[in-house]
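Taking it in order: structure first as structure tokens, then the write-up.
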Amino acid sequence: MHLPIRTVTPESESAAIIGWVHEIRDLGGLMFFLIRDRTGIIQVTIPKKKVPAEVLDAARDVSRESVVRVRGRVKAIDKAPGGREIVPDGLEIISLAGSPLPLDVAEKVPAEMDTRIDSRFLDARKPRVRAIFCIRSAVTCAATEFLHSRGCINITTPKIVAAATEGGTELFPIAYFEKEAFMNQSPQLYKQMMMAAGFEKVFEIGPIFRAEEHNTIRHLNEATSLDVEVSFADHNDVMELLEDLIVYVYESVAGTCGDDLAELGISLSIPGKPFPRIRYEEAIEIANRTIEDKLSFGDDLTPAAERAIGSGIGQHYFIVDWPTDIRPYYAMPYPDRPELCKAFDMMHPRMELSSGAQRVHDHDLLVERIRAKGLAPEAFEFYLKAFRYGMPPHAGWGLGIERLVMTMLDLGNIREAVLFPRDRHRLTP
Ligand code: ATP
Ligand code: MG
């Protein structure tokens, strides 16, 4: 049996470990190895004259990033990582790594994003990269815990669909036997149909596919969305649910991911509740004070506008009461001012994290809204049907998991927050 490297302490007498060769240094009479597993790094010191011949042979043959098994005596030593080292009685090469390596796991030589993704399995051996994905795992786990605790049912909806959620061109067509089908942009229509099913509160964490042609640091062609839909709720109710979720997830990560945060050099500050609410009209006014390309009513916020507003506010916030014309047909217009709707975006100072709204639950109004967007209600018959036999009022939102992780950990590029990014130029690995 081997031990996780972290559990080997200066007080241990002996240890048997398995790991990857992180670094090799040969100082003549002495050889030093750093051996790494997902729990940490340990130094292995080989006094050439004092170890068995097999150990010395293996030490000479082994290359960086090979998998080795080491057993030996543990000595306390101040200068080594973790204050201990192993002097081996046994050193066995389990899997020899080829050289040169496609990238340097020890990060002495920096690598471009593309090189890193091309060899993502090697890149993810870096403690810093692994820490990001351990935190991402904690984020989705905490979100699931939180939503279960609020009575939400975890659902799975189809990703191969016949119709676009919102019309438009951001769709990947696929061949589905003798028909044309699409990769789903969002679970929107399906989660709403589950409101008609009386599930009342649902959530899904799953892929969304967007055929956006532009390459940016905050867009992927395959992203992960946390979608929530709640019956007998309005936009204000689900905004509260969303800010509670964000705070819960931050607290949970701060409480359970101390080592990973330390690896990344981050001390997480928990967002304060309630997040400020700014009306769309106020938002463009604030942005127009500093940005060059001025916005007028009915314009979507540009990235420059988002940054201008965000830097003034300096924390998570909501933009509410959007022009009906620039939101999807399913967003509920205010009855007394139908040019505005009960839609919101939840923002991090750097970018949008989530969009949501109270939805139209009246069948005839929904048909009218679909037509107003220039879409054909016939294409949405499977969806509209759910509005004809008792549809409760409902509201919900979709939150991008990669953007949540990216902003939480202050990552420069969304590709840092996804193992195998899909973008305009990348379909492998
Ligand atoms: P943006 O305007 O920033 O491109 P959007 O308004 O098109 O985003 P929505 O359709 O509102 O995105 O999707 C809800 C959330 O899903 C977004 O706030 C974002 O966090 C995430 N998301 C949407 N599209 C992408 C994408 N292409 N890559 C990564 N995350 C995305
Ligand atoms: Mg949006």
Side-chain angles (χ1 to χ4, degrees), residues 136 139-140 143 159 164-172 183-192 203-229 235 238-239 242-243 245-246 249 275 280 283 287 295 299-307 309-310 316-331 341-357 359 373 395-408 411-426:
R136 181 179 158 137
V139 163
T140 49
K159 305 305 154 205
T165 306
E166 299 175 21
T169 50
E170 292 176 1
L171 282 170
F172 289 112
M183 303 302 293
N184 209 359
Q185 291 167 292
S186 135
Q188 180 65 31
L189 307 188
Y190 291 90
K191 63 180 181 170
Q192 286 192 262
F203 76 101
E204 173 166 17
I205 301 178
I208 56 172
F209 302 91
R210 307 273 169 110
E212 316 189 55
E213 295 204 354
H214 46 284
N215 242 331
T216 78
I217 55 138
R218 60 204 186 110
H219 290 94
L220 296 162
N221 292 116
E222 177 175 357
T224 311
S225 175
L226 165 53
D227 266 87
V228 164
E229 203 67 26
H235 51 307
V238 294
M239 280 193 273
L242 178 52
E243 64 190 358
L245 175 128
I246 295 293
V249 167
F275 299 172
Y280 165 86
L295 299 173
D299 289 336
D300 211 344
L301 296 186
T302 55
E306 289 180 357
R307 280 193 301 273
I309 304 161
H316 291 81
Y317 66 102
F318 285 102
I319 303 176
V320 301
D321 299 351
W322 285 73
T324 308
D325 280 351
I326 56 170
R327 300 302 286 214
Y329 57 80
Y330 47 76
C341 65
K342 300 182 181 181
F344 58 86
D345 277 0
M346 195 272 286
M347 312 291 295
H348 178 274
R350 286 175 68 195
M351 70 188 79
E352 175 193 319
L353 298 186
S354 171
S355 285
R359 323 298 190 184
K373 292 281 174 191
W397 40 260
L399 167 70
I401 294 292
E402 289 83 10
R403 288 196 191 174
L404 176 60
V405 172
M406 175 187 185
T407 51
M408 175 183 273
L411 307 174
N413 189 324
I414 195 166
R415 290 163 184 75
E416 298 271 7
V418 57
L419 283 172
F420 299 104
R422 289 289 171 265
D423 63 33
R424 185 78 175 83
H425 304 292
R426 186 176 283 282

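By convention here, the first residue in the shown sequence is residue 1. Remember, it's 1-based here, ligands and their atoms both numbered in the order they're listed.
- With hydrogens and angles disregarded, no donor-acceptor distance shorter than 3.5 Å links the side chain of Arg218 to the backbone of Arg403.
- Asn221 contributes a side-chain N or O that, together with a main-chain N or O of Arg210, makes up a donor-acceptor pair within less than 3.5 Å.
- Without hydrogens or angle criteria, Glu222 side chain to Arg422 main chain gives no donor-acceptor distance under 3.5 Å.
- With sequence neighbours left out, His425 forms a ring-ring contact (aromatic ring centres under 6.0 Å, His included) with no residue at all.
- Annotation: ring-ring contact (aromatic ring centres under 6.0 Å, His included) contacts of Trp322 (sequence neighbours excluded): Tyr280.
- Arg415 places no side-chain N or O within donor-acceptor distance of the main-chain N or O of Ile217, the cut-off being under 3.5 Å.
- No donor-acceptor pair under 3.5 Å is formed between the side chain of Lys159 and the backbone N or O of Ser186.
- Only one option out of Leu245, Val249, Thr140 pairs with Leu226 in a side chain to side chain contact (heavy atoms under 4.5 Å, CB included); it is Leu245.
- A donor-acceptor pair is defined here as one N or O able to donate and one able to accept, closer than 3.5 Å; no such pair exists between the side chain of Asn184 and the backbone of Phe209.
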May I have a table of the N/O to N/O pairs between ligand 1 and the protein that fall below 3.5 Å, each row giving the two atom names and the distance to 0.1 Å?
from: ligand 1; atom 1: 3 (O); to: Arg403; atom 2: NH1; distance (Å): 2.8
from: ligand 1; atom 1: 3 (O); to: Arg403; atom 2: NH2; distance (Å): 3.2
from: ligand 1; atom 1: 4 (O); to: His219; atom 2: NE2; distance (Å): 2.5
from: ligand 1; atom 1: 6 (O); to: Glu352; atom 2: OE1; distance (Å): 3.4
from: ligand 1; atom 1: 6 (O); to: Glu352; atom 2: OE2; distance (Å): 3.2
from: ligand 1; atom 1: 10 (O); to: Arg210; atom 2: NH1; distance (Å): 2.8
from: ligand 1; atom 1: 10 (O); to: Arg210; atom 2: NH2; distance (Å): 3.2
from: ligand 1; atom 1: 11 (O); to: Glu352; atom 2: OE2; distance (Å): 3.3
from: ligand 1; atom 1: 11 (O); to: Ser355; atom 2: OG; distance (Å): 2.9
from: ligand 1; atom 1: 18 (O); to: Glu352; atom 2: OE2; distance (Å): 2.6
from: ligand 1; atom 1: 18 (O); to: Leu353; atom 2: O; distance (Å): 3.2
from: ligand 1; atom 1: 18 (O); to: Ser354; atom 2: N; distance (Å): 3.3
from: ligand 1; atom 1: 20 (O); to: Leu353; atom 2: O; distance (Å): 2.8
from: ligand 1; atom 1: 20 (O); to: Gly400; atom 2: N; distance (Å): 3.2
from: ligand 1; atom 1: 24 (N); to: Arg210; atom 2: NH1; distance (Å): 3.4
from: ligand 1; atom 1: 27 (N); to: Glu212; atom 2: OE2; distance (Å): 2.7
from: ligand 1; atom 1: 27 (N); to: Leu220; atom 2: O; distance (Å): 2.8
from: ligand 1; atom 1: 28 (N); to: Leu220; atom 2: N; distance (Å): 2.9

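- Take the Mg ion (ligand 2) and draw a sphere of radius 2.8 Å; the protein N/O/S atoms inside it number 2.
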